[in-house]
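Here the structure is laid out as structure tokens; the discussion comes afterwards.
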Amino acid sequence: MKIYNTMSRKKEQFKPMNDQRVKLFVCGPTVYDDAHIGHGRTYISFDMIKRYLEYKGYSVFYLQNVTDIDDKIINRSAEVDADPEVLARKFEKRYQEDMEALGVNGVNLFARATDHVPEIISQIETLIEKGFAYETSTGVYFDEAKFENFGKLSRRNLEDLNVHRVNIDQTKKNPGDFALWKKRDEEPLWDSPWGTGRPGWHIEDTAITEEYFGPQYDIHGGGLDLIFPHHEAEIAQMEAASGKSPMVRYWMHTGFLNVSGEKMSKSLGNFITIRDLLEDHDPQVFRFFVLSTHYRSPIDFSEKTLDQAAKSLKRIQKTVEKLNELLDSSAGNDDDYFSGLLKDYRIKFLESMDNDFNTPEALAHIFNFVKELNKAFEDKTPSEKVLKDIISFFNEFGEIMGFDLAVKSNDGDISGELLDIIKDVRQKLREKKEWALSDDIRGRLNDLGIDVED
RNA sequence: GCCAAGAUGACCGAGAGGCGAGGUGCAUGGCUGCAAACCAUGAUACUUGGGUUCAAAUCCCAAUCUUGGCCCCA
């Protein structure tokens with residue numbers, strides 16, 4: 001399979017360092033506020049990526065950091081008069097809940113920055129020893145001039161990086177030098193060889209990945225906005241500290257999510273949290289919406305596009321529903337035909353997924369398969385065995401994408417049983433050709449969001 | 001200013017030199033008491049201007065526009 005590598009700007013054959021084991025790290029959230037749908041886009045994408053890698057037989061360890069110490073957290077705590085740690089824990093918990101709601105559950109280990117301060121300090125010490133970092137009165141900084149290839153991921157050079165900076169710390173050698181350790185004397189703070197203070201932003205990720213993965217690993221992911229400066233800084237830190245390159249074999253970046261063509265921001269008033277979204281939208285539909293665009297492309301969120309996604313997903317679900325219904329009665333002998341279809345579309349689907357996780361194209365194949373099946377069922381039926389093969393393909397598809405394609409059962413639910421009674425009554429009315437009354441019932445059920453199809 | 005990504009039909013969205021994916025919407029027909037679902041058919045595309053090529057949505061050069069980054073950000 002091929003993966004687009006931001007470093008080379010090309011699709012490359014995917015080959016993990018250790019045969020079937022894949023070490024995947026994705027930059028996690030800064031927990032100072034609720035996650036928004038842009039986070040949702042990124043984490044759904046990487047969730048799908050992990051699911052597909054596992055489907056392909058790789059054993060994936062998915063590591064994610066949680067930034068729980070940072071200026072934004074401190075500022076927010078001051079605004080709301082809360083303890084920074086309490087605030088961070090609260091939003092970390094809400095983040096986990098949001099991800100669970102979206103069906104994003106592939107992360108094997110969450111690593112908090114504050115749980116890795118010793119590792120951070122030790123990495124900074126190494127950088128100082130090796131001459132890549134220096135201490136000033138305000139902190140410890142990475143000396144970008146000492147690192148030869150600084151900017152190789154974003155394709156920038158040092159001159160670009162050293163202009164147009166505001167509020168430059170005067171103690172730094174170069175404006176682009178970034179903080180590894182910030183000297184502070186007010187809480188929250190930790191002891192260090194350089195006095196009290198707290199870690200800079202970039203260092204936590206490399207300290208964490210070095211701890212769990214070592215200095216080199218397979219995939220590092222995140223949003224496009226992290227390429228510069230965050231990922232550049234990570235490369236500089238880790239490669240300088242270890243002397244090994246590359247730190248990461250494949251850099252994967254997700255495109256932005258815009259809202260009605262504009263960047264989502266609080267000042268524009270178009271800021272949508274995952275919680276807002278899920279108040280009146282099905283998480284499945286949002287997943288489908290996300291995966292109907294390639295993970296690297298920009299995606300435009302609107303009620304209209306979400307609605308289109310809902311209808312598209314339903315088309316697939318209808319067919320799966322029909323397959324399950326047929327399961328009880330199927331005894332046909334058109335197995336060659338159906339097996340052939342299944343084989344063809346399965347291959348096409350996998351080819352698309354192997355091509356840098358091209359989910360929109362993969363979905364197009366699924367839709368074609370759906371159409372072929374619907375057409376075939378007009379005059380052909382497979383045996384139960386082949387039908388089960390088809391259903392299990394849809395199950396695999398659902399597993400990879402994280403879609404729940406199963407028919408929703410009303411068993412054990414009073415309202416479901418009541419609904420069955422209503423439907424039953426209506427059916428009897430229709431048998432007596434009481435059209436007006438039966439249509440009225442159908443209309444009123446539709447108003448409640450319940451589809452009735454005859 | 002510098003850097004990056006992008007511009008495909010009414011809307012969403014793949015493709016990356018040679019049969020104009022797919023979904024949603026729309027139109028017509030079939031099925032149906034009607035509607036829905038499903039099937040069939042159809043209309044509407046590759047930002048502009050040059051160039052390379054037997055052949056360009058796809059490559060090259062220019063231009064225009066959009067979004068983003070350069071303090072923080074998935």
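Numbered from 1 within each chain, the chains take letters A, B, ... in sequence-line order. Heavy atoms only: backbone and side chains are in, while hydrogens, waters and symmetry mates are out. Everything quoted here is computed from the prediction, not taken from an experiment.
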(request) Could you please name the partner base of B:C72, counting Watson-Crick and G-U wobble pairs only when both distances are under 3.5 Å? (result)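 Looking at the geometry, B:C72 pairs with no nucleotide.
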Please measure how far the [atom1] atom in [N] lies from the corresponding atom in [M], and state the result in whole Å.
| N | M | atom1 | answer |
| --- | --- | --- | --- |
| B:G1 | B:C19 | C1' | 47 Å |
| B:G69 | B:U28 | P | 46 Å |
| B:G6 | B:A14 | C1' | 15 Å |
| B:U48 | B:U58 | P | 10 Å |
| B:A5 | B:C59 | P | 13 Å |
| B:A7 | B:A16 | P | 13 Å |
| B:A55 | B:A4 | C1' | 33 Å |
| B:A21 | B:U44 | P | 14 Å |

Whole-Å distance between [N] [atom2] and [X] [atom1]?
| X | N | atom1 | atom2 | value |
| --- | --- | --- | --- | --- |
| A:Asp34 | B:A74 | CG | P | 13 Å |
| A:Asp205 | B:A74 | CG | P | 11 Å |
| A:Phe301 | B:A74 | CZ | P | 19 Å |
| A:Asp440 | B:C34 | CG | P | 19 Å |

(request) Kindly say whether, by distance alone, the side chain of A:Arg315 makes a donor-acceptor pair under 3.5 Å with the base of B:A37? (result) no
(message) Looking at A:Glu378 and B:C39, is any side-chain donor or acceptor paired with a base atom of the opposite kind under 3.5 Å?
(response)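 Answer no: no donor N or O sits under 3.5 Å from an acceptor.
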(message) Starting the side chain at C-beta, find the nucleotide from B:C73, B:A74, B:G13 nearest to A:Phe256.
(response)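 In terms of side-chain proximity for A:Phe256, the closest of B:C73, B:A74, B:G13 is B:A74.
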(message) Between A:Glu361 and A:Lys348, does any side-chain N to carboxylate O distance fall below 4.0 Å?
(response) no
(request) State, to 0.1 Å, how close A:Asp70 and A:Lys72 come at their nearest heavy-atom pair, and which atoms those are. (result)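 Nearest heavy atoms, A:Asp70 then A:Lys72: OD1-N, 2.6 Å.
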